[in-house]
**Student:** 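Structure in structure tokens, see below.
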Amino acid sequence: MCLSTQALVMFLNLIGADIVTSEPGRIVVHATTADVHWVARADEADRWCTMGPQIDRLARFDAR
């Protein structure tokens, strides 16, 4: 899943800064069940992507 920088900033403001850490090109949201990594797309300006939805889907299949 990918978001524009503006959409990601709005999302981060909604969840609060106390569970977020960052370094150049990466933002980590320390959620209750796992950390979610947002990574800047090198090939596309103004896009941040995460593999969170795919990882969640794989975890559901593994639990069966």
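All residue numbers refer to positions in the sequence shown, counting from 1. Note that this is a predicted model, so its numbers are computed, not measured.
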**Student:** Give the C-alpha distance, both sets of side-chain angles, the deciding distance and a yes or no for side-chain contact (heavy atoms from CB on, under 4.5 Å) between W38 and V28.
**Tutor:** CA-CA 6 Å; W38 289 89; V28 181; over 6 Å; no
**Student:** Checking side-chain polar atoms at under 3.5 Å, does T5 have a donor or acceptor matched by the opposite partner on D46?
**Tutor:** yes
**Student:** Do any side-chain atoms of residues 6-20 form donor-acceptor pairs under 3.5 angstrom with protein atoms, and if so which ones, sequence neighbours left out?
**Tutor:**
from	atom 1	to	atom 2	distance (Å)
N13	ND2	V9	O	3.2

**Student:** Using the rule that Ile, Leu, Val, Met, Phe, Trp and Tyr join whenever any side-chain heavy atoms are under 4.5 Å apart, tell me whether I27 and L3 fall into a single cluster.
**Tutor:** yes
**Student:** So which atom in R47 and which in S4 form the shortest heavy-atom distance, rounded to 0.1 Å?
**Tutor:** NH1-N, 3.6 Å
**Student:** Sub-3.5 Å donor-acceptor pair from the side chain of T50 to the main-chain atoms of M1, do we have one?
**Tutor:** no
**Student:** Give a yes-or-no answer on whether the side chains of T21 and H30 include a donor-acceptor pair shorter than 3.5 Å.
**Tutor:** yes
